[in-house]
Amino acid sequence: MNKVNVNIYGHEYTLVSEKPKEFILKVASFVDDEINKTSETLVNWSKTDILILACNNIAEHYFDLLDNPDTTSQQELFNKIDTLNRELASVKLQNEQKDIKIKSLEMTDMNSESLKAKIEKVKSDYEEKLNQSNQKIEECEKINSELESKFFELQIKLAQKEEELKNIQSQSETETNSQE
């Protein structure tokens, strides 16, 4: 866990997250900037109104990204996962083919010293490539896991923002009804 002290709208907060410190600072800076921009345009408004409108602006940014995604679109995430799964299948197939080749060589003539040397060489190459393949598999699985986590986080954020939007709309309707 990373613990970072940040200043948002003139108040000190200690944020705790599993994300890197740079990321936490970046998010806090973004929130602070949005609140400050909003407060500059709404000089005589209450802090609550400024914070609600800043949240609304942040939600607008979020929904803009969902509606007009740059590099983090869901389709791109799915495409990346598919590509990684294909690479993983290809690596596994190559490993199986090399395993068959080694077994074939072992069955040919085990008494021949030259054949044994060839087998040892192929076996050594195979083990090296297997290690490399296993590393690549681990990398692919890690990326796949990260992409799934990002996708899950986006879904959670979307649900949260939808809930916030409903709350703001409900509050706005209540205020409109009370003013009438």
Side-chain angles (χ1 to χ4, degrees), residues 1-92 133-180:
M1 284 289 191
N2 289 313
K3 206 176 208 185
V4 180
N5 291 327
V6 298
N7 186 318
I8 299 176
Y9 200 47
H11 296 280
E12 289 292 322
Y13 297 96
T14 300
L15 302 180
V16 179
S17 175
E18 291 181 2
K19 300 286 185 183
K21 290 181 180 183
E22 296 78 21
F23 181 81
I24 299 168
L25 290 170
K26 184 177 173 182
V27 170
S29 175
F30 178 77
V31 171
D32 186 54
D33 289 346
E34 282 298 317
I35 294 171
N36 285 321
K37 281 185 220 172
T38 304
S39 70
E40 288 171 7
T41 59
L42 306 172
V43 179
N44 293 322
W45 288 47
S46 72
K47 279 188 176 184
T48 303
D49 290 338
I50 290 170
L51 293 174
I52 288 172
L53 291 172
C55 287
N56 187 64
N57 291 342
I58 292 170
E60 279 186 39
H61 289 301
Y62 175 75
F63 284 108
D64 282 345
L65 286 174
L66 289 179
D67 293 339
N68 304 310
D70 293 323
T71 58
T72 58
S73 72
Q74 290 179 1
Q75 188 60 44
E76 284 186 38
L77 293 175
F78 287 132
N79 290 343
K80 184 72 172 175
I81 290 170
D82 287 341
T83 300
L84 292 172
N85 284 332
R86 282 193 298 272
E87 287 179 18
L88 179 62
S90 173
V91 168
K92 286 181 178 179
S133 297
N134 285 336
Q135 288 174 349
K136 184 156 185 146
I137 289 170
E138 288 175 10
E139 290 172 10
C140 290
E141 289 174 344
K142 182 180 176 185
I143 291 170
N144 190 14
S145 175
E146 291 172 357
L147 291 173
E148 288 175 346
S149 292
K150 285 181 183 178
F151 180 68
F152 182 72
E153 288 174 12
L154 285 173
Q155 287 178 321
I156 290 172
K157 287 179 182 177
L158 176 60
Q160 290 171 342
K161 294 303 177 186
E162 288 173 343
E163 187 63 31
E164 288 176 14
L165 184 58
K166 285 180 188 175
N167 290 339
I168 291 170
Q169 289 172 339
S170 174
Q171 185 178 16
S172 175
E173 288 175 8
T174 303
E175 289 176 4
T176 301
N177 290 337
S178 68
Q179 290 176 357
E180 294 177 354

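None of these values were measured; they are calculated from a predicted model. Position 1 is the first residue of the sequence; numbering continues from there.
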Heavy-atom side-chain proximity of Ser29 to Leu25 below 4.5 angstrom: no
Residues in salt bridge (charged side-chain N to carboxylate O under 4.0 Å, His left out) contact with Lys47, at least two apart in sequence or another chain: none
Option passing side chain to side chain contact (heavy atoms under 4.5 Å, CB included) with Tyr13 (candidates Asn7, Ile8, Asn5): Ile8
Atom CD of Glu12 with >12 non-hydrogen neighbours under 6.0 angstrom: yes
Close side-chain approach of Glu162 and Phe63, heavy atoms under 4.5 Å: yes
Gap between atom NZ of Lys161 and atom NZ of Lys166 - 0.5 Å precision: 15.0 Å
Gap between atom NZ of Lys150 and atom CD of Glu146 - 0.5 Å precision: 6.5 Å
Residues which pass side chain to side chain donor-acceptor pair (under 3.5 Å) with Lys26, listed by chain and number, not counting sequence neighbours: none
Within-4.5 Å side-chain heavy-atom neighbours: Asn56 and Ile52: no
Validation row: Glu148, Phe152 side chains within 4.5 angstrom (heavy atoms): no
Closest contact, heavy atoms only, Tyr9 versus Asp32: N-OD1, 2.6 Å
Point-to-point distance, once rounded to the nearest 0.5 Å, from CG of Asn44 to OG of Ser39: 11.5 Å
Distance, nearest 0.5 Å, that separates OG1 of Thr14 from NZ of Lys3: 6.5 Å
Short side-chain to backbone donor-acceptor contact, Thr38 and Glu34, under 3.5 Å: yes
Charged N-O contact under 4.0 Å between Lys136 and Glu139: no
Inter-residue atom distance Asn167.CG - Cys55.SG, 0.5 Å rounding: 11.5 Å
Side-chain heavy-atom pair Asp49, Leu42 within 4.5 angstrom cut-off: no
Heavy-atom pair with the smallest gap, counting every atom of Glu18 and Asn2: O-ND2, 4.1 Å
Sidechain N-carboxylate O distance under 4.0 Å for Glu153, Lys19: yes
Distance, nearest 0.5 Å, that separates NZ of Lys92 from CG of Asn134: 10.0 Å
